[in-house]
Amino acid sequence: MSVKDRVLLALEENKNNPISGETLANTLNCTRASIWKAIKSLQNEGYEVLAVNNKGYTLVNSSDTVQESYIKKLLVDANVELKLEVRDSVESTNDLLKQYANNGIKDDMVVIAQEQTKGKGRRGRSFYSPKGTGIYISFLLHPDIPVTEAARLTTLAVAAECLAIEAVSNEKADIKWVNDVVMRGKKVSGILTEASASVEDGTLEYVVPGIGINIYEPEGGFPEEIKDIAGAIFTENEKKENIRNKLVAEFVIKFYFFYKDFLDGKNTYLEEYKKRCFVIGKEISFLTPDHKVIDNVPENRKHAKVIGINDECHLHVEYEDGFKEYLSSGEISVRIK
Ligand code: BTN
């Protein structure tokens, strides 16, 4: 970790308590000149570090950007063994990790970006990924599991994300099956899981679950095409203290522990997923993944009642004629009678 990162961490941990250059130099085991240099470069990056007369340095406001060192420390403290990379802007965090995997990277890792210029959504859609209001996170994983099990990592990620959102916001996060996180009736997050498998033996080479979270509403609101469905964790425009780092660290830690349990054969994420899945008992209409769209209108919209959910997170539905089946994918909407 660079001196600058360590200084930032120390200032962050001592918010509102100025620390002298001498104390910083002693605790970080470096010269006062290097502390001064680190403070200057933090100020140049936009951190409001004030020199308080005779007392030392204090960080007034976090810039609410992702700080690699801060997150790394929390991950190390929690024994999370994932490599971490923080990027300012990428085309797509999923694409970046797939590129790494295809170039032979075998480590499990997580990439966090503050902006995506070509963010991808499900079914070939794009995912609105602006800087400042959202956060975009992808994992590169190499689990030794059959291809058919890969979808569980999506549901596992959704459950971890709900817990992280609830921890930083003190508000309940719901799951709109299969994998949208919803607060106050609006989608605050989506997940796209991509994977590569060997054609020869059908084994999984790698999996990349990618999560986009709207932390705040963008100034001027969401773009026209998503404004009716998109929402954010926080509605007020006031920026929360260091929330981005806390949310990311909470999420990665929760994801990692669910993932470790999953590899050990324990589906601890399931209970958290099921209890937030708000469609159980509701009348829904849904589109199967292979539905056709004719004149902009989707064909074959089906209606059913959700009577349960199984351990694969498949929805158990009952049609009006009494026929029952399990749905493993598709897009649903809750019917308002
Ligand atoms: C959806 O709701 O349609 C899924 C959206 C998934 C967006 C995330 S953001 C991080 C990762 N990188 C991408 O390009 N997409 C996923």
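Counting convention: from 1, in listed order, for ligands and their atoms alike.
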Worksheet item: Can you name the side chain to side chain contact (heavy atoms under 4.5 Å, CB included) partners of A157, sequence neighbours left out?
Response: I191, I211, F255
Item to complete: Apply side chain to side chain contact (heavy atoms under 4.5 Å, CB included) to K187 and list each qualifying residue two or more places apart in sequence or on a separate chain.
Response: R122, D180
Distances under 3.5 Å, N/O of ligand 1 against N/O of the protein: list each pair and its distance.
| unit_1 | atom_1 | unit_2 | atom_2 | d |
| --- | --- | --- | --- | --- |
| ligand 1 | 2 (O) | K187 | NZ | 2.6 |
| ligand 1 | 3 (O) | R122 | N | 2.8 |
| ligand 1 | 12 (N) | T93 | OG1 | 3.1 |
| ligand 1 | 12 (N) | Q116 | OE1 | 2.9 |
| ligand 1 | 14 (O) | S92 | OG | 2.8 |
| ligand 1 | 14 (O) | Q116 | OE1 | 3.4 |
| ligand 1 | 14 (O) | K120 | N | 2.7 |
| ligand 1 | 15 (N) | K120 | O | 2.7 |

Item to complete: Could you identify which residues cluster with L96, counting Ile, Leu, Val, Met, Phe, Trp and Tyr as linked when any side-chain heavy atoms lie under 4.5 Å apart, either directly or through a chain of such contacts?
Response: V90, L97, Y100, I105, M109, V111, L140, Y206, V208
Discussion item. Check E250 with K254, please: is the shortest side-chain N to carboxylate O separation under 4.0 Å?
Written reply: yes
Discussion item. Could you walk me through whether H142 and E205 satisfy the side-chain contact (heavy atoms from CB on, under 4.5 Å) test, starting with their C-alpha distance in whole Å, then the side-chain angles of each, then the deciding distance to 0.1 Å, before giving a yes or no?
Written reply: CA-CA 6 Å; H142 304 83; E205 282 162 351; over 6 Å; no
Discussion item. Donor-acceptor check, side chain of N94 to backbone of L192, threshold 3.5 angstrom: yes or no?
Written reply: yes
